[in-house]
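Residue numbering restarts at 1 for every chain, and letters A, B, ... go by the order of the sequence lines. Because the structure is a prediction, the values reported are computed rather than measured. Keep in mind that the numbers below use all heavy atoms, side chains included, and drop hydrogens, waters and symmetry copies.
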2 protein chains.
Amino acid sequence: MNETRSAASGPRSPADQSRHASTRERLLDAAERLFGEQGFAATSLRAVTVEADANVAAVNYHFGSKEGLLRAVVERTMAAVNGERLRLLEELRTSGHQPTVGELVRAFVLTGARLVERSGERGTDVARFLGRVMSERDPAIRRLFGAEVSPVEGRYLEALQAALPQLPPDEVGFRYRSMVGLLGLYQSGVLTDLHPGRAAVATTANTDAERLITLLTSAFHAPPTTDPVAPAEGAPEHC
Amino acid sequence: MNETRSAASGPRSPADQSRHASTRERLLDAAERLFGEQGFAATSLRAVTVEADANVAAVNYHFGSKEGLLRAVVERTMAAVNGERLRLLEELRTSGHQPTVGELVRAFVLTGARLVERSGERGTDVARFLGRVMSERDPAIRRLFGAEVSPVEGRYLEALQAALPQLPPDEVGFRYRSMVGLLGLYQSGVLTDLHPGRAAVATTANTDAERLITLLTSAFHAPPTTDPVAPAEGAPEHC
DNA sequence: GTCTATACGAAGATAGAC
DNA sequence: GTCTATCTTCGTATAGAC
């Protein structure tokens with residue numbers, strides 16, 4: 001309860017969840033869960049090492065620093081998400097027709113959800129962790145995340161631009177970044193909570209994912225932004 | 001460069017920007033700038049006190065804690081934003097007709113921009129600070145921010161619901177929270193940067209604000225979200 | 001009342017023993 | 001390769017100067 005170690009001498013028995021995984025893997029699992037739960041800055045390295053049943057210095061040995069640990073967790077998780085996104089995009093492109101905006105948005109948003117399903121027990125941890133990292137404002141973390149998603153980003157931007165030929169590339173980029181940011185906020189739980197009135201919470205996740213897809217699809221279909229000075233304002237009103 | 005103080009004995013000459021403001025005001029100014037630049041967790045209390053030319057303990061005296069300092073900065077800034085938002089909303093409601101979604105979104109989004117203009121020199125600091133706080137994921141900070149905006153939130157939700165009678169309240173709430181979150185990401189610079197190819201940066205701010213208004217207005221006008229199982233997907237496609 | 005000097009415990013990082 | 005011991009920095013708390 002007190003300090004750096006919980007079981008130093010004897011064979012540790014309580015909550016030995018990831019049985020004989022390596023120290024490295026146990027550190028990654030613990031960091032993913034705690035970073036997702038409490039955030040990066042709020043999670044102490046000592047809390048991670050206690051949960052992973054390892055020493056504080058093991059983090060520095062395996063990952064160099066706390067940020068190195070974060071980078072490793074991001075890489076491990078994003079590898080799966082990136083693969084899934086590219087696979088879905090290929091699937092759409094080889095289906096005979098140009099992918100629509102709605103299809104692209106749906107594929108992008110649901111990738112996170114599918115990853116969560118496949119991750120089983122650790123699913124919600126992964127979702128919260130990804131959401132947090134996705135909309136992080138720390139420049140260092142943003143760079144690290146950006147480097148991880150850039151291969152997929154280019155492909156999606158191409159496909160979105162092809163589906164929205166009337167929009168200037170700058171505007172497609174702006175809306176794409178809005179999608180990434182909003183998905184991050186959604187996955188970190190920012191858009192979900194705060195309405196305590198209702199009872200049904202079980203289906204909220206799926207419903208909100210669909211709401212997000214609806215919202216984003218309509219956002220992409222907005223007309224090109226007009227001049228900053230006194231725009232017509234009624235433009236999207238007609239439909 | 002080393003420790004808690006930069007000029008202990010003589011009259012401080014370098015960068016004495018807010019000349020004879022009280023220690024309390026100088027602490028608020030410094031915190032607003034540094035929290036906006038680096039984030040709350042990444043900014044050390046000592047960095048704030050060095051910039052404000054005050055002692056570390058002054059923070060605890062005036063604000064009780066680091067979080068108390070954050071609360072004070074939020075309150076000082078949001079008082080202006082809340083007032084402006086309520087004023088604009090009243091202006092719309094007394095203009096004879098029901099405010100449209102576009103008008104409500106525009107009033108909400110541009111409030112931040114106007115505050116920035118009025119703040120003059122400190123404008124960009126204020127914008128970044130507000131943006132960061134708005135989309136913060138730390139529950140404590142979210143609670144504190146939520147308490148600050150709740151009076152305005154209710155009024156805007158009412159007006160939006162009246163403008164979108166075909167949408168269920170839950171969905172209006174979801175889209176409102178999306179607007180708040182996205183505005184936060186935008187104001188903290190998350191949606192703006194990263195495309196280094198272009199040259200014009202001067203007009204980017206205004207342009208992106210208009211893009212955000214366009215995007216959000218269209219997002220609010222999306223049809224109600226259908227059942228999670230295999231939605232038609234073409235719904236917003238027709239317009 | 002305001003503010004400064006200073007001390008304390010906790011956290012991240014590092015060096016070197018094993 | 002792994003862990004113990006130690007260093008620096010952080011937020012907070014206390015005592016007293018003005």
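- Between Leu69(B) and Phe35(B) the shortest side-chain heavy-atom distance falls below 4.5 Å.
- Residue pairs meeting the ring pair (Phe, Tyr, Trp, His ring centres under 6.0 Å) criterion with at least one member in residues 134-157 of chain B, sequence neighbours excluded, are Phe108(B)-Tyr156(B).
- When rounded to the nearest whole Å, the span between CZ of Arg24(B) and P of dG1(C) equals 16 Å.
- Atom CG in Asp53(B) sits about 19 Å away from atom P in dT2(C), given to the nearest Å.
- Looking at residues two or more places apart in sequence or on another chain, you find a side-chain contact (heavy atoms from CB on, under 4.5 Å) between Ala219(A) and Leu215(B), Ala219(B).
- Looking at Leu183(B) and Val180(B), their side chains never come closer than 4.5 Å, going by heavy atoms from C-beta outward.
- Of the side-chain N and O atoms in Asn55(B), one or more sit less than 4.0 angstrom from OP1 or OP2 of dA5(C).
- Using a 4.0 Å cut-off, no side-chain N or O of His62(B) falls inside it from OP1 or OP2 of dG1(C).
- Using a distance-only test at 3.5 Å, with no hydrogens or angles considered, no donor-acceptor pair links the side chain of Arg132(A) to the main chain of Ser188(A).
- Rounded to 10°, the angle separating the first-five-pair axis and the last-five-pair axis of the helix from dG1(C)-dC18(D) to dC18(C)-dG1(D) equals 10°.
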For nucleotides 13-18 of chain C, 5' to 3', base contacts (B), sugar-phosphate-only contacts (S) and non-contacts (-) with protein non-hydrogen atoms under 4.0 Å give SB----
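- OP1 or OP2 of dT2(C) has not a single side-chain nitrogen or oxygen of Thr23(B) nearer than 4.0 Å.
- Sorted pairs that involve residues 44-77 of chain B and meet ring pair (Phe, Tyr, Trp, His ring centres under 6.0 Å), not counting sequence neighbours, are lacking altogether.
- The side chain of Tyr61(B) approaches dG1(C) more closely than any other nucleotide in the set dC10(D), dT4(C), dG1(C).
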Please table the atom pairs, donor to acceptor, closer than 3.5 Å between any side-chain atom in residues 76-83 of chain A and protein atoms at least two apart or in another chain.
unit_1   : atom_1 : unit_2    : atom_2 : d
Arg76(A) : NH1    : Glu25(A)  : OE1    : 3.4
Arg76(A) : NH1    : Asp29(A)  : OD1    : 3.1
Arg76(A) : NH2    : Asp29(A)  : OD1    : 3.1
Thr77(A) : OG1    : Glu32(A)  : OE2    : 3.2
Thr77(A) : OG1    : Val73(A)  : O      : 3.0
Asn82(A) : ND2    : Met78(A)  : O      : 3.3
Asn82(A) : ND2    : Glu148(A) : O      : 2.8

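- Between Glu84(A) and Arg87(A) there is a salt bridge, since at least one side-chain N of the basic residue sits less than 4.0 Å from a carboxylate O of the acidic one.
- Computed from coordinates, the Leu69(A) CG to dA11(C) P distance equals 16 Å when rounded to whole Å.
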